[in-house]
Structures are given as structure tokens and as C-alpha cells.
Amino acid sequence: MIPSVAISNQRKVFPDATSALQGLLSDGITVMSGGFGLCGIPENLLLALRDSSVKNLTIISNNAGIDDVGLGMLLKTRQVKKMISSYVGENKEFERQYLAGELQIEFNPQGTLAERIRAGGAGIYGFYTRTGAGTSVAEGKESRIVNGQTYILEMGLTADVAIVKAWRGDTEGNLIYRKTARNFNPVMATAARVTVAEVEELVPAGSFDPDHIHTPGIYVQRLIQGTHYTKQIEQRTVRPRS
Amino acid sequence: MIPSVAISNQRKVFPDATSALQGLLSDGITVMSGGFGLCGIPENLLLALRDSSVKNLTIISNNAGIDDVGLGMLLKTRQVKKMISSYVGENKEFERQYLAGELQIEFNPQGTLAERIRAGGAGIYGFYTRTGAGTSVAEGKESRIVNGQTYILEMGLTADVAIVKAWRGDTEGNLIYRKTARNFNPVMATAARVTVAEVEELVPAGSFDPDHIHTPGIYVQRLIQGTHYTKQIEQRTVRPRS
Amino acid sequence: MWSREQLAARAAKELQDGFYVNLGIGIPTLVANYIEHDQHIVLQSENGMLGMGPFPYAGEEDADLINAGKQTISTLPYSSFFSSADSFAMIRGGHIDLSILGAMEVAENGDLANWMVPGKMIKGMGGAMDLVAGVKRVVVVMEHVAKDGSAKFKPKCLLPLTGANVVDMLITDLAVFSRPDRNSKFELIELAPGVTVEEINAKTTAAFTLKAPMASI
Amino acid sequence: MWSREQLAARAAKELQDGFYVNLGIGIPTLVANYIEHDQHIVLQSENGMLGMGPFPYAGEEDADLINAGKQTISTLPYSSFFSSADSFAMIRGGHIDLSILGAMEVAENGDLANWMVPGKMIKGMGGAMDLVAGVKRVVVVMEHVAKDGSAKFKPKCLLPLTGANVVDMLITDLAVFSRPDRNSKFELIELAPGVTVEEINAKTTAAFTLKAPMASI
């Protein structure tokens, strides 16, 4: 058993988003980006990704942001060649580029997208699911019928880089998410060659109850404390106080 | 949106292990039983399972307990027809029954076992894994070679009943595990027709931080507060105080 | 004929005490308003939550707490959060008892089309295909006919499918159609006030059977 | 010839700062004692833990905190716990940098046999097949020859395999064999004190190459 010394893995911590992405980006790479709508998106890393001017990106993300916000920024600057998503509404620039044939889109059912990413991270080559059987999603895919149910074969999905957002992180890369801002972030953290995380609060290793950690540090190669979170709400819906 | 009333799902709570298993057991059913070795095993439910005298069980469990403890109790009473496990050492009665041809055993690599159970719970018919390729585990299974790597097709696994052990549970069935006693418990909770959980501490719904819940209540149909935990340690290993 | 609210109220009758339920966007969301107070219904939001609470009071909105329609929501004492992968494992694995969804077309064999609007930009299927493939029981709520008066309950869907043979019950503003299992035909089991079987026949191109006492309604 | 402890110390040289490592039962477990103090090595235990700490002090044992060998252990400040499914997703997905395992036989093509003892009750493979299939680099430590003096590093494994073409390095009590990738042959790169190439040749039936300067050791 190892002696109980705890050398903190400070090498994982970077001063800002730009330095955290240094050396990871080149034209044509595939990037996974966490978040559901604008909830739980890596705001700082997306800005740095835009400012890097890297081009021809394939972006794996459930949504495409809205105009000028989140991935919408990278669409505006024409850095995206292809999106792999489940839903891309609420984005006029996306629509314009798509209809002009400037942008490719591969739609995946949301659960299939999440499971393909999990499979990619978990060393699963592919899996059989009922989702999409009998629809256009099944076209060109292998299938098999078992007890009258049709299952289609979906493949694991990986990326060169994943950018994810957590609520709190420690210097070891352990991450804890908050409420529905968790969404695609933990599964994307497992599925890229390099995962870069941003957190609202960076704390020393040992701050977390080990039973509460959502993403173990092994999945996070670099992390930063983010700044200036806007956390824009897409549909502010309230009820009257009675 | 629903009004913020919180009717606690008290119907899930049973007074003891025997009543919690009432109506679920019959000869020949398949039961998943959580735990790794003797760590995190559902002690109360295993006792009740033994006392039910149900026979010809197929048990899905990573291990088979030790003589007279855990699943070892059910082996002694000859209630088990077949084990689906990854490792069954430390059990003389197991060995005797197996060598006498009284007990069937299906060995699965530990990670394949865990993933098959997850797949069963997640509606995945089967998945391709490298684990076991080129070994006896691959015999009789479909396989495919991709980029020189051989993957074998493993099938999802489900059960009639799962018995699991958590540290704390609320009346809604939400569960929190403690340390390495988590192991197979959360994944088994997802993969049975009926999941029965036992916890060391049963608390009212609302006691848990919703970000800390490991098993959401949807997976737990019945639960009890366990009693008289022995938590036997198989390999008590310590270091000297220096 | 039923209003949107009445439609939602009718759909709410399909909820049973103890059910875990996923409600789609639009009229299905309204169903939550008609849950009986003595029923314990747990709502799932596919972006990663069980026990979805009501919209927050003004000033209590939390950007980290939204539903699948990206609306701000609140927690309840028994809420739990999980990842998208875990959420759809729950959905795909058949753990949700009931899903109530909108539709553009439903076919007499139970096929459902609700993700591509003809002639419009394709926005994607989101979680709809996963829900119809995984949830134990799928109830569709929709207007009985399209804006041009054409039937939406048809012999065959013309729009791209969301799922093949996945609808268990169809509730429109005019009537309710149900079937006991997915090998059976739909049966007209209920009419909205003032609606006749003749009107349904005129506005429906799908084949369906008639519940025996229905003719006398 | 190396003792068990020396073998473990030699294997520890394969650890690199920042590595996530899984150690098998037996001699591999001893490797943890030889981690350099300026190295940050995180140990994984396949029953669901990262950041495995040392054995506890007497009186501090916790039945809920064991390693894959079912021994009581302790936590470290950066520990985390997860389920068996998540643990093996980590292993299968190639996230563990190095695994050090024991063996009964290693073949010259990298095949490994370490789960079935001939003539004995089959106890099962546990996590061994997952580890060799998933971990980035697999180092085997074993005694060079069997108790009857027969070679364990062989042209072909005779025992049932744990994995096909999975071993990257073999460290025995007599020598170290390594290969740069899984398409290459093993090379003898190091000899234990007092051991000659001739002795290795005599006690090895596997084909291997000789590192150029090795002949002069």
C-alpha cells in the first residue's frame, strides 16, 4: 500500500481557459462540448475556443447554443464544419448556414447520443438499442430483430478534446456538478483524448466527500477556475406568488 | 407544473425483510444480489431469502459469499441452482457442490458482468467489448474485428428480483451508498423487475441533497431499514502505528 | 370538443398513483396542473432530473435548474439529479411508466411522427425517439385535424417517423382512442362533448374499431 | 536473482509521475511500497475506488472500505468512490495507464494465462480479463519458472487465456522482457544480479530477442 502522502496534482490546474487549451487545438479536430441548451455550458472554454480561431471543427454537443451565445459564437465565426447533436432549434445563424449548405449536421436521438458518448468513454465499440428502429435514424445501420423487437447498432463516439463545466472541482480534477447543469458533462469527460474542465469554484484536493464526487479526477487532464459566468436562462418561467 | 405538495411514497417502506420479499419469490426465479465479497451485501434480505426456502434460484452476484455467510447461507441450504459470477473463491461448500455437479456456474469477467447488468437496466440488448476476446469467454459468442481489434457481443442481463444494500435511503427509495460498499448495488437496482433495498438508516424524503443521490427512487420498489449488521471483514489487514 | 386545458385534464386521467412520468413540451406540460392531490406522481425531465417541481417564484429562478423545454423549474423534497446518460438509461430501460407527447401524425398501426415539420428547417428529434422507444406506455395528445382540416390520425404517417408502433393511446380535442397492446387496433373509447361518431369518421382516415356502447353516446 | 520485494521494486520503476495504476493481488500489491515520494501515483481498485490509501491502523478498519483483494484499506485526500459498472468503464475505456499483474504463463506473442490453475477448482477470472483488455499498458510479474522447474515464458500458453496479445512487459525473478508495441517481439532488456543470458535461455522456451549491449552484462 502506498504511504499516505498526498502530493496534489497541481499540474492539472491552468491559470485560464486560453492556456488550458494550448497545444490541444488544430483545424479539423472533434470537440465535445457539455451542456443542455445554455445550462451547464463551459462558457470560458467556449470563448477561448472561439478566440483560438481554430477551424473546421466537428462539434459533438446536444445543442448548438443560441445566436451569439455558447456554441452560437463559433457558428458565427464559421469555425464549425459539422455538428453532432440531438436538437438545434433557437439559432438563426445555424439555420442560415445549414440551408446554405455551409454546415453539416448529424442528428442523433438524445439518449443515443448520450449512450454513444458513454460507450466511447467505456471502451464499448457499439451497442444495440430500440431507439430509432423503424425511423430514418436506422438507415444504413445494422439491425437485428429479437422477440419481435428491432434493435439497431449504434457506435461509440469519442473526441480529440472535451470541454466540460462543473460546479466545483479540486486540484486533482475531481468534479461535482450542480442540479441539471450536470447533463452531458460527466459522460463527455470520459470520452475524449484530453478533457479540459472549468469550474465555478476550485478547491484543494481533499475538500470533497469521496462519496459525492461525480467525475473522478482520472477523467480530467486540465482544469481552470472559470470567471464571469453569465448563465443565461433561455426560458425564464415563473409562477405567481399566491 | 405540479403543485409543490410532497406526498411521501410511504408505500415503498416495509417493516422487515420477510414482508419486503412477500409475493416476489417463487422457485426457479433469477435474483441479483449486490455486494463485492462480503462488502455491501444485503444481509437482512439474504437471511429472509434463505428463510423463504425458495429453491432452484439463479443468482447473479459477483461472488458467492463465504461458508455460512452471505450467499454461502443459500448454498448450504441448497437453494441455488446456478450462479452467474466473476469469482467464487473462499467457499468450500460451493466447491463441493460444483464438483459434485449439483451447482451450475457461469463465469463472467467482472467488468463484463457489471456492464451486462447495466445494459439490462438501460434497455441495451447487447454490446461489443474487447474483454474476453481470444479466451474461452468468447466461445459461442458473436464477434467482429475492427481495426485489428476483436470485439465480442455480450448481452444485457436482467433479473426477477434484485436485493441491494445501501447506507442511507429515504422513504421515496432514493439511495446513498458508502465507500466501496457501493460496488454492484446501484447497477443491480436498475436491472430487475422488482428491486428491494435495505439500508442502515431510513430517513424521510427530503433529507438528501438531490446532487448526492446515487440511486434515484424510481429504481427501488420496496425498502426496509436493516438491523443487526455484522459487516464481516474477509481480510483484516492493518499497518503498524509507527 | 375539448379545449387545450380540457385535453390536458383528460390526459391526466391516465396518470396512476405512484407513476413516474415524462411529459413532452406543449399541451403535455399542462397535464401536470391536473394531477390529483392524493396522487404521488414523480415527473422526470430527460435532461437529468426526477421529481420536477413547479415553476419557481419570480426571483428564485436558477439557471442550473431547467426542464427539457429549457424552462426554469424547482425541486421537490424527493428530487434527484443525474447525467444525460443515466437519464436515458432510465428512459430506454423501461423504468418510466408513462410518457405524454404531442404529435403531428399518428398512424392506425401506432406509428408516430412528431419531429419533422414539413417544409421547415429540421431542428432534431431531441429525446422524443428515446421516449417512445423506451417508456412503458405512450399517450399522444394532439388536435384531431391539421390546420387545413386534413386528418392527422391516418392509415400511414407521411412524415418521417419518430417511432414505429409506439402509441398506446391517442387523445385529441374530439375523442380518445386506445388499444390494450401493440398488436391490437385502436378503439374509439370516448367522445368530447358534442362530438359524434359521424364527425370522427369524417375527420379520421385511420381505421379504428368502435367500443360497443359508444354508438349510443 | 530478485526476491519478491526486489521484483516489486523493479516493477515500481515502470510507474511514471501522474499515472493511474491498477495493481493485482500478490507481488503486484507490494509495488505500492516502492512508489517514489515525489511521484503522484493514483491507485485504482476495481471494486470501485480511485486513490486507494494504505492499510488502516489497527482499530480503524472499515468493513465498507476494502480493495479488490478484500483487504481493509484507507482513503487519501483525493479518493473517490464509484460503482462496479463505472469502475470497469474506466478500465475498459483505456483510462488506466498501467496494470501490474501476476501470471501463470506468458507466451512469446503476449498471450497471458493467469486465471485457471490446472487441476484445481475454477474460481473465476474476477477483473483480470477486463484489466488486460482495457488498460493502456500491462506489466506482468511472475517467477521465471514453475515449481517443477519448467518454463513459464513459453511459445504458447497451455492454460486457458486471460487475454490474447496483451502483455507489454514481463518481469521475472531473473530478467525483464519488454516490447515497444503489441506487433513486436519481446526483447530481453535486463538481467537480475548473477543471472546470465545462458541461464535465461535454458529456463525460457519463448522466443525473444536480445538487446544489443545485453550480451556483455
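In the text below, chain A, chain B and the rest are named by the order of the sequence lines, each starting its count at 1. Here the structure is a predicted model, which means the values were calculated and not measured. Every heavy atom of this structure was used, including side-chain atoms; hydrogens, water molecules and symmetry mates were not.
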Colleague: Please classify the contact of A:Ile213 with chain B as side chain, backbone, both or neither, using a heavy-atom distance under 4.5 Å.
Modeller: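 Contact with chain B involves no heavy atom of A:Ile213 at all.
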
Colleague: Using modelled atom types and a 3.5 Å cut-off, is there a donor and acceptor pairing between side-chain atoms of A:His214 and backbone atoms of B:His212?
Modeller: no

Colleague: Measure distances from A:Arg182 to the heavy atoms of chain B and classify the residue's part below 4.5 Å as side chain, backbone, both or neither.
Modeller: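 Side chain only.
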
Colleague: Between A:Arg130, A:Arg144, A:Gln149, A:Arg178, which shows the greatest number of heavy-atom pairs under 4.5 Å with chain B?
Modeller: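 Most heavy-atom pairs within the cutoff with chain B belong to A:Arg144.
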
Colleague: From B:Ile124 CD1 over to A:Thr131 OG1, what is the distance, rounded to the nearest 0.5 angstrom?
Modeller: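 Interatomic distance, B:Ile124 CD1 to A:Thr131 OG1, rounded to 0.5 Å: 7.5 Å.
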
Colleague: What is the distance from atom OH of A:Tyr128 to atom CG of B:Leu153, rounded to the nearest 0.5 Å?
Modeller: 6.0 Å

Colleague: To the nearest 0.5 Å, tell me how far A:Phe127 CZ sits from B:Phe127 CZ.
Modeller: 12.0 Å

Colleague: Got a donor-acceptor contact below 3.5 angstrom from the A:Asp211 side chain to the B:Lys179 backbone?
Modeller: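 Here the side-chain-to-backbone pair exists.
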
Colleague: Measuring from atom OH of B:Tyr125 to atom CG of A:Asn147, what distance do you get when rounded to the nearest 0.5 angstrom?
Modeller: 8.0 Å

Colleague: Where on B:Glu115 is there a heavy atom nearer than 4.5 Å to chain A: the side chain, the backbone, both, or neither?
Modeller: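 For B:Glu115, the contact with chain A is made by the side chain alone.
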
